[in-house]
Amino acid sequence: MLSVVIATDADERALPPTLGALVAGVVAGMVREVIIADRRSRDATAAIADAAGCRLLSLSTERAARLRAGADAARGEWLLFLRPGVLPDSSWVEETRRFVQACEVTGQAAQRAAVFRVEAAGPRPPLREPLNLLRSALRYRSIGGHALVIAKPLYRRIGGHRDVDEPETDLLRRLGRRRIARLRTGVIVLSAD
């Protein structure tokens, strides 16, 4: 069973769709808990988390520290890190279950992690200009950090999220391509607008 960890910072608009996408996992018995590691938002983020039955950690720290705190508080042996505004498609529950079971059966739980395929990342700029091409490429490179499935022992062994500008991208880099499975399940990343 998964513990879902979401680091928020004034995400009252992006959080509800993400929580809604997790309902299928709760119903299927795949999601044990959802932990919202919030940066003491002054909007309705805490109220939304409470109404949805999530565990709320209210911290004044940066995103990496909040993600680590969420992982430390998690009861599940597998973690699913999601960003607010990320919506896994309906196949995520079964695909994630198969990945976790395969890792446990083969003894690879402490060696493998998985990311979801991105179907959309909000409105895309026209690619005619070189700067827009570069922005698009950089956004694609960091997209894997939007949804990561990882066993808690592996997360701890590699040191979790570090205090850097993009902790999710840094974590993926330290995991390395050979340890990361790319699941067929897609996610939609809602625009921050």
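Worth saying up front: this structure is predicted, and the values here are computed from it rather than measured. Below, all heavy atoms of this structure are taken into account, side chains as well, without hydrogens, waters or symmetry copies.
Side-chain atoms of Arg112 do not come within 3.5 Å of backbone N or O of Ala102 as any donor-acceptor pair. A donor-acceptor contact shorter than 3.5 Å links the side chain of Lys152 to the backbone of Ala74. The backbone N or O of Glu33 lies less than 3.5 Å from no partner atom in the side chain of Arg55, so there is not a single donor-acceptor pair.
Here the CG atom belonging to Asp9 is positioned 5.0 Å from the OG atom belonging to Ser41, to the nearest 0.5 angstrom. Distance CD1/Ile6 to CG/Leu56: 11.5 Å, rounded to 0.5 Å. Interatomic distance, CG of Leu154 versus CG of Leu79, reported as 10.0 Å (0.5 Å rounding). Note: Thr8 OG1 to Arg39 CZ = 11.0 Å, rounded to the nearest 0.5 Å. The line from CZ of Arg173 to CD1 of Ile180 is 10.5 Å long, rounded to the nearest 0.5 Å. Distance check: Asp89 CG to Arg184 CZ gives 11.0 Å after rounding to the nearest 0.5 Å.
The side chain to side chain donor-acceptor pair (under 3.5 Å) search around Thr18 returns none, not counting sequence neighbours.
Other residues sharing the hydrophobic cluster of Met1, ordered by chain and number and joined by side-chain separations under 4.5 Å: none, the residue standing alone.
When all heavy atoms of Asp38 and Ala10 are compared, the pair lying nearest together is OD1-N, 4.3 Å. Shortest non-hydrogen contact noted between Arg66 and Thr61 is NE-O, 2.9 Å. Minimum interatomic distance between Arg162 and Ala64 (heavy atoms only, all atoms of both residues): O-CB, 3.1 Å. When every heavy atom of Cys54 is checked against every heavy atom of Leu19, the shortest pair comes out as SG-CD2, 3.8 Å. The heavy-atom pair separating Arg75 from Ser3 by the smallest distance is N-OG, 3.5 Å. Ala110 and Arg157 get closest at one heavy-atom pair: O-NH1, 2.8 Å.
Between Trp78 and Phe99, the ring planes are perpendicular. Angles over 60° get that label, and only those under 30° would be called parallel. Ring geometry, Phe81 versus His161: the interplanar angle exceeds 60°, so the pair is classed perpendicular (tilted spans 30 to 60°).
Leu67 and Val164 fall into different hydrophobic clusters, where Ile, Leu, Val, Met, Phe, Trp and Tyr side chains are chained together by heavy-atom contacts under 4.5 Å.
The side chain to side chain contact (heavy atoms under 4.5 Å, CB included) test with Leu183 is passed by exactly one of Arg117, Glu95, Arg98: Glu95.
Taking 4.5 Å as the limit, some side-chain heavy atom of Leu15 sits within range of a side-chain heavy atom of Ile36. With a 4.5 Å cut-off on side-chain heavy atoms, Leu148 and Glu168 do not count as touching. At a threshold of 4.5 Å between non-hydrogen side-chain atoms, the residues Leu175 and Ile150 count as touching. Proximity of Thr185 to Thr96: side-chain heavy atoms (C-beta onward) are nowhere separated by under 4.5 Å. For the pair Phe116 and Val86, the minimum side-chain heavy-atom distance is 4.5 Å or more. When side chains are defined from C-beta on, Asp170 does not count as touching Glu166, because their heavy atoms never get closer than 4.5 Å. The shortest distance between side-chain heavy atoms of Glu77 and Pro153 falls below 4.5 Å. Looking at heavy atoms from C-beta onward, Arg97 lies in side-chain contact with Val93 at the 4.5 angstrom threshold.
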Can Arg68 and Asp72 be said to form a salt bridge (Lys or Arg N to Asp or Glu O under 4.0 Å), step by step?
-> CA-CA 6 Å; Arg68 285 192 309 271; Asp72 289 343; over 6 Å; no
Is there a side chain to side chain donor-acceptor pair (under 3.5 Å) between Asp11 and Thr45 once you walk through the steps?
-> CA-CA 6 Å; Asp11 288 303; Thr45 299; 5.9 Å; no
